[in-house]
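Everything below concerns the one structure shown next.
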Amino acid sequence: MRDGRYTLRLEELTPRVLPRSPFEAPSLGPPPAPGADAVWVGTVDELQTAVRNVRSGQTIVVRPGTYDLTETLVVGKFGPVADVTIRGATDDFRDVVIRGRGMENADYGAVPSGVSVYDAQNVTVADLSVGDVYFHPFDIQGGMGAARVHLYHVRGFDGGEQIVKSSAGGGADFCSIEYSLFEYTVAPPTTDHGGGVGYTGGLHAHEADGWAIRDNLWRNFHTPDSSATWFAPVILMWNGSRDTVVEGNTFIDCDRAVAFGLVDAAGFDHQGGVIRNNFVYQTPGLFSAARRAESDGQILVYDSPGTAVYNNTVLTNGNSRYSIEVRWATTGVEFVNNLADAPLHARDGGAYTAAGNYLSADPTLFANPAAGDLHLVENAATLASVIDKAVSLTGVSTDWDGDQRSAVADVGADEWHPVPPPAVAPAPAEPAGPPAPTPAAPAGPALSGAVGGPFGLVFALNSDGSVRFVRMAAYPGYEGALSTAVADVNGDGIPDVITGTASGVGVVRVFSGTDGAELTSFLPFGALSVGVGVTAGDADGDGFADIFVAPVGFPLYAVFSGRDRSFLGFGPAGGDLVG
């Protein structure tokens, strides 16, 4: 600390911080104890055997670790099953990583995909990561009998074609994808896997009815200009699909975000459904001039009559010519209360009704657009054109965060809420008797510091030089160094222990200074693979120690409230906090 300011040595951060989803997924609760209906596995052989032999009503719990497959995990391959769950043992999808032989490895052997669902219904896959496969990390075969498949808080990465595929030949109906992360860690593949270079995407589904796709993060679905396909949608629901709901998602640096329908089909390519409360962000300069000249919209309604596009925020930064586009469909298409920086568009006979849209957005309207954070700020521009400017609309009662919308709502995916002034405490009543004595400080030496040992061991240092054990296996499976700090985070007058992983994906966990119980755990910079350093201080003057988190080697820090772990702002190394 110098001149009242905290100083951390850092390097430039590629911003990937998101305040919500998928990193705030509600927990599914603890996994069931081992038994007849709960098979716990810890090796790839155990995992493959358990999936091969799974029966109805069974849960497979996968212990933390990396599993290099020698065969695709096929649920329902040898006969029908129902009510099956495959889940990681923890609430962190990074703890279980299931891998194939590489998305560019044509010698994929018996592992063309990661997890496939055949003749199986009511299947849940949760709390784990699947990727590095030649075709699809998640493969749903409706033609084989798959239905009601639920991907919950998973990470899908680096698939040679689509990350999630629901194939034609009898669609899988009533599936859902929630609180998940889907991404290319570097870039989509540069080889032809059968559909031409660029035949990639996040979710492509055929003949699919009643899907719900909520609160997911999709990023880096951008093919090079050398690809045969420039504009593969991230989410594509088509070939006779209907009644899809896409809401609360964030799309960062994608060629196209959402498409309901793609071709002019007999009857319809998609029908009905709603696209609402989504954030779409493209980095300036993502598209070359040639690609921009050929571009269309980020949200597409192509031969999808009866589709509603409500309250989305689309910031193209000059990459895409249009924000939302209709094609072929002529009945029942509505574009209402969308906030964008590019026009709406209709072509090939398509038609829409529009109301309440504001199409002159710029980055100054948003909290941190470079990080995909398109929450509104209060300024002259938002007050004039966005805040309280939406037309009345049924069916959008909440926003991207799940917060309630006002009676007179805002345009776009975020509903801005003023910060209430601090409550003024009433004057204390005259005491009836002598004041109660101040509670005594806890017996024994005060906590003055902490150290992290290997494999997540955490020890506290007392003021008299003695050592106190705090936590064993604070980070299961993590073998790197820990950054530590000591401060009273929960306001009970006793210092607590703040820890952060100094390598890999940065995780912060805080433990009680009294009994070592975990007080909180969060990902300060999302899934960005960068370690963190931690320190503490009261940044907002509320009497609670706040948590200062610095990505290792970057010239800034982020501050999170010690009281509720809300994000307070960024500060440059050696500078003041900026919110």
Seminar exercise, completed: With sequence neighbours left out, the residues meeting side chain to side chain contact (heavy atoms under 4.5 Å, CB included) with Val74 are Thr72, Lys77, Ser116, Tyr118
Problem set entry | With Gln48 via side chain to side chain contact (heavy atoms under 4.5 Å, CB included) - residues at least two apart | Val44, Asp45, Arg52, Leu69, Thr70, Glu71, Leu73
Exercise. Does a donor on one side chain sit under 3.5 Å from an acceptor on the other, for Arg347 and Tyr322?
Worked result: no
For this session: Tell me yes or no: between the side chains of His136 and Ser113, is some donor less than 3.5 Å from an acceptor?
Result: no
Exercise. Do Thr200 and Gln162 get their side chains close enough for a donor-acceptor pair, meaning under 3.5 Å?
Worked result: no
Exercise. Looking at Pro64 and Ala89, what are the two nearest heavy atoms and their distance?
Worked result: CD-CB, 4.2 Å
Exercise. Are any of the side-chain nitrogens in Arg99 or Asp68 under 4.0 Å away from the carboxylate oxygens of its partner?
Worked result: yes
For this session: Decide whether Thr316 and Gln282 meet the rule of one side-chain donor and one side-chain acceptor closer than 3.5 Å.
Result: no
Problem set entry | Electrostatic pair Arg63:Asp95 at N-O distance under 4.0 angstrom | no
Problem set entry | Geometric class of the Trp218/Phe182 ring pair [parallel <30°, tilted 30-60°, perpendicular >60°] | parallel
Problem set entry | Pair listing, salt bridge (Lys or Arg N to Asp or Glu O under 4.0 Å) test, anchored in residues 28-43, at least two apart | Asp37-Arg55
For this session: Answer yes if the side chains of Arg405 and Asn277 hold a donor-acceptor pair under 3.5 Å, and no otherwise.
Result: yes
Exercise. Does the side chain of Ser288 pick up a donor-acceptor pair with the side chain of Asp225 at under 3.5 Å?
Worked result: yes
Exercise. With a 4.0 Å cut-off, would you call Asp348 and Arg327 a salt bridge?
Worked result: yes
Problem set entry | Pair listing, salt bridge (Lys or Arg N to Asp or Glu O under 4.0 Å) test, anchored in residues 270-284, at least two apart | Glu247-Arg276
Exercise. Between His150 (side chain) and Arg148 (backbone), is there a donor-acceptor pair under 3.5 Å?
Worked result: yes
For this session: For the residue pair Asn278 and Asn312, confirm or rule out a side-chain donor-acceptor distance under 3.5 Å.
Result: yes
Exercise. Is there any salt bridge (Lys or Arg N to Asp or Glu O under 4.0 Å) pair reaching into residues 101-119, and which pairs are they, with sequence neighbours excluded?
Worked result: Arg101-Asp107
Exercise. Any chance the side chains of Thr250 and Trp400 put a donor and an acceptor closer than 3.5 Å?
Worked result: yes
Problem set entry | Residue pair Glu334 / Tyr310, side-chain donor-acceptor N/O under 3.5 Å | yes
Problem set entry | Interatomic spacing from CG in Leu286 to CG in Asp255 - rounded to 0.5 Å | 6.5 Å
Exercise. Partners of Glu207 by salt bridge (Lys or Arg N to Asp or Glu O under 4.0 Å), sequence neighbours excluded?
Worked result: none
